[in-house]
Amino acid sequence: MAASASMQSLLANSMAYGAGKSKSLRVNHLLPAKYAPTLHRYPNMRVRSMAENGQEEQPSTAPEASKIPPPPPPPTPSPKRSPKISTKFSDVFAFSGPAPERINGRLAMVGFVSALAVELAKGQDLFAQISDGGVSLFLGTSILLSVASLIPLFKGVSVESKSDGIMTSDAELWNGRLAMLGLVALAFTEYVKGGTLV
């Protein structure tokens, strides 16, 4: 309460000091007037404090506050639009485009897992799997996954817009890269060893 009373007296004194002067008050008397910030006077301003713990409210000496309209709310930023994705064939299949690495990565993931599964189930190495009818399965899987991967890209849907949580587009790229390396390492190891890895 003492703080609010001292604040009221401080404001009342500063209002009384500037009453006979110009329409604005100088805050700092040490600087020239052109460098000092000015506070515009509101002659109808009144400072009130709320009573605490059953104390009565004390009227202040400052006049009644005029009704100043509230400042307008800050403009809301427009939602960010995702960049336009090109659906041209040359952009989709460009070296740094969205299709080549994703399709190769998806095929490598399927190929690596299926190569290990067949090796564990039948005991055939990778080269025996390819010569034993694996080429037709490889071509069928390649066509199916390529078409399934290209349809959303040609419709303008980005992979990043559909990724959330753990299953992100970056995780898919890294899994595809590791599967490509794993498939090459599996073939090289079986070639050097002369038989199955497991």
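All residue numbers refer to positions in the sequence shown, counting from 1. Because the structure is a prediction, the values reported are computed rather than measured.
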Engineer: Check side-chain contact (heavy atoms from CB on, under 4.5 Å) between Val135 and all other residues, then give those that pass, not counting sequence neighbours.
Structural biologist: Ile130, Leu139
Engineer: If every non-hydrogen atom of Val92 is compared with every non-hydrogen atom of Pro100, which pair is closest and at what distance?
Structural biologist: O-CD, 3.6 Å
Engineer: Do the side chain of Thr141 and the main chain of Phe138 share a donor and acceptor less than 3.5 angstrom apart?
Structural biologist: no
Engineer: Taking only residues at least two apart or on different chains, which pairs with a member in residues 143-156 satisfy side chain to side chain donor-acceptor pair (under 3.5 Å)?
Structural biologist: Arg106-Ser149
Engineer: Rounded to the nearest 0.5 Å, what separates atom CD1 in Ile143 from atom CG in Leu107?
Structural biologist: 10.5 Å
Engineer: Pairs of donor and acceptor atoms involving the side chains of residues 178-191, under 3.5 Å and at least two apart or interchain, shall be tabulated with distances.
Structural biologist:
{"unit_1": "Thr189", "atom_1": "OG1", "unit_2": "Ala185", "atom_2": "O", "d": "2.6"}
{"unit_1": "Glu190", "atom_1": "OE1", "unit_2": "Leu126", "atom_2": "N", "d": "2.7"}

Engineer: According to a 4.5 Å side-chain heavy-atom criterion applied to Ile, Leu, Val, Met, Phe, Trp and Tyr, with indirect links allowed, do Phe112 and Phe127 form part of one hydrophobic cluster?
Structural biologist: no
Engineer: Find out whether Leu150 and Ile103 are in side-chain contact, i.e. whether some heavy atom of one side chain is under 4.5 Å from a heavy atom of the other.
Structural biologist: yes
Engineer: As an exercise, state the distance from CD of Glu101 to CG of Leu173, rounded to the nearest 0.5 Å.
Structural biologist: 5.0 Å
Engineer: Please, which pairs that meet side chain to side chain donor-acceptor pair (under 3.5 Å) have at least one residue in residues 113-124, sequence neighbours excluded?
Structural biologist: Gln124-Asp132
